[in-house]
Amino acid sequence: MSAAVLSGKELSAAIRAETAERAAALTAAGTEPRLAVVVATADESSAWYVRSIAKAAGKAGITCDIVDLGATASPESIRARLAELSADERVHGIILQTPLPAGASLQELAGAIAFEKDVDGANPVSLGRLAAGLPAFAPATAEAVVRVLEHHTIELTGRHVAVVGRSMVVGKPVAHLLLNANATVTVCHSRTRELAAVTSAADVVVAAVGRAGMVTADHVAPGAVVIDVGTNPTEDGGLAGDVDADSVSGKAGALTPVPGGVGPVTTALLLSHTVRAAGG
Ligand code: NDP
């Protein structure tokens with residue numbers, strides 16, 4: 001039997017509709033929700049992603065400013081611009097797009113984003129607050145993983161979740177969110193021994209590795225729920241997940257598709273966070 005498909009499309013549409021309603025109410029009350037996306041790269045797939053955020057923001061009634069500093073921007077100039085936007089009362093949400101110029105670190109620069117405006121949870125302060133159970137925006141992708149599980153009524157309390165990946169953007173924040181949801185969490189990475197044995201012991205596997213098709217049927221228990229965070233570009237211009245869907249879907253109980261799973265929910269949550277940062 002083939003695994004159930006855990007689509008993110010309906011959830012994404014619901015979040016977007018709610019966000020548009022809140023944005024309209026805020027605008028009617030005199031606050032125009034505004035998102036600033038700071039870009040310092042000539043990377044084509046990054047430009048495509050930023051355009052897709054701007055388009056989705058426009059549809060939700062959120063003004064989106066693309067602040068392009070150029071691919072040779074210095075870390076100092078990026079930091080200064082983030083500080084300026086953090087102090088600008090008209091701006092409610094700030095995203096620092098990656099990749100960044102050589103020598104610039106996302107974590108270090110994101111410290112200049114006021115955490116109240118850090119709608120993609122990039123400032124290490126946001127992760128610290130998340131770990132401490134204090135209000136903060138989680139990275140949208142990490143939150144999307146938990147929201148997709150909740151949307152499909154997958155119980156997390158007391159369940160064993162194995163997260164493959166420990167980045168600041170996905171693996172670590174998703175582990176904290178899952179802990180906050182009372183799951184028992186194991187975080188795996190490139191130095192984990194016997195990875196397949198560890199992940200096969202879990203009820204839920206979250207794959208956030210950045211390697212197309214790395215998680216195979218050998219990594220999952222029969223009937224397990226598998227969340228594929230991967231967005232690896234393919235030669236034909238498409239996207240491939242971190243999960244080998246062909247092999248895993250014959251063994252797992254449920255699996256998110258790529259595209260159409262975590263991705264659409266991520267974008268919707270960025271907009272939802274922006275409206276919340278604006279007071280909606
Ligand atoms: P990173 O490259 O920052 O992190 C990858 C993680 O995977 C690291 O912790 C690394 O371990 C671990 N890893 C790499 N190889 C292995 C291996 N063989 N076995 C076990 N663990 C391994 O990636 P990100 O976290 O930024 O992204 C992960 C995936 O999610 C990517 O495909 C990315 O495109 C996607 N993504 C999707 C988004 C969306 O909106 N849907 C948004 C952001 C990311 P170590 O720490 O030891 O090096």
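For ligands, and for the atoms within them, numbers begin at 1 and follow the listed sequence.
- What sits closest to atom 47 (O) of ligand 1 on the protein, heavy atoms only, is Ser190 OG, 2.5 Å.
- Looking only at distances, a side-chain donor or acceptor of His160 sits under 3.5 Å from a matching main-chain atom of Ala201.
- By the criterion of a heavy-atom distance under 4.0 Å, neither the backbone nor the side chain of Thr267 is placed next to ligand 1.
- Proximity of Asn232 to ligand 1, defined as any heavy-atom pair under 4.0 Å, is confined to the side chain (atoms from C-beta onward).
- For the side-chain contact (heavy atoms from CB on, under 4.5 Å) criterion with Leu270, the lone passing option out of Val37, Ile15, Ile95 is Ile95.
- The protein atom (non-hydrogen) at minimum distance from atom 17 (C) of ligand 1 is Met214 SD, 3.7 Å.
- When the heavy atoms of Pro233, Gly210, Pro264, Cys188 are ranked by distance to atom 31 (C) of ligand 1, first place goes to Gly210.
- Within the listing of ligand 1, atoms 20 (C), 21 (N) sit less than 4.0 angstrom from a heavy atom of Val164.
- The protein atom (non-hydrogen) at minimum distance from atom 44 (C) of ligand 1 is Val170 CG2, 4.0 Å.
- The nearest protein atom to atom 8 (C) of ligand 1, hydrogens excluded, is given as Arg166 N, 4.0 Å; this is a heavy-atom distance.
- Among all protein heavy atoms, the one lying closest to atom 12 (C) of ligand 1 is Gly165 CA, 4.0 Å.
- Not a single heavy atom of Met168 sits less than 4.0 Å from an atom of ligand 1.
- Of the N and O atoms on the side chains of Asn123 and Ser126, not one donor lies less than 3.5 Å from an acceptor on the other residue.
- Cluster annotation: Ile113 and Val125 are assigned to distinct hydrophobic clusters (Ile/Leu/Val/Met/Phe/Trp/Tyr, side-chain heavy-atom contacts under 4.5 Å, transitive).
- Checked by atom type and distance alone, the side chain of Lys251 pairs as donor or acceptor with a backbone atom of Val220 at under 3.5 Å.
- For atom 21 (N) of ligand 1, the nearest protein heavy atom (residue, atom name, distance) is His189 C, 3.1 Å.
- For Gln97 and Ser46, the side-chain atoms include at least one donor-acceptor pair closer than 3.5 Å.
- Those atoms of ligand 1 with a heavy atom of Thr266 less than 4.0 angstrom away are 40 (O).
- Remark: Arg16 does not engage Glu18 in a salt bridge, criterion side-chain N to carboxylate O under 4.0 Å.
- Salt-bridge formation is detected for the pair Asp65/Arg34: a Lys NZ or Arg NE/NH1/NH2 atom is positioned less than 4.0 Å from an Asp or Glu carboxylate oxygen.
- The closest approach between any non-hydrogen atom of Val209 and ligand 1 is below 4.0 Å.
- Side chain of His189 to backbone of Arg191: a donor-acceptor contact under 3.5 angstrom is found.
- In this structure, Gly171 does not count as a contact residue of ligand 1, since none of its heavy atoms falls inside 4.0 Å of the ligand.
- Atom 37 (C) of ligand 1 has as its closest protein heavy atom Val229 O, 3.2 Å.
- Evaluated by nearest non-hydrogen atom to atom 41 (N) of ligand 1, the leading choice among Thr98, Thr231, Leu106, Leu269 is Thr231.
- Interface of Thr141 with ligand 1, defined as ligand atoms under 4.0 Å from a residue heavy atom, comprises 38 (C), 39 (C), 40 (O), 42 (C), 43 (C).
- No salt bridge links Arg159 with Glu155; every basic N to acidic carboxylate O contact stays at or beyond 4.0 Å.
- A search for ring-ring contact (aromatic ring centres under 6.0 Å, His included) contacts involving His92 returns nothing, not counting sequence neighbours.
- Counting only heavy atoms of the protein, atom 26 (O) of ligand 1 lies nearest to Ser167 OG, 4.0 Å.
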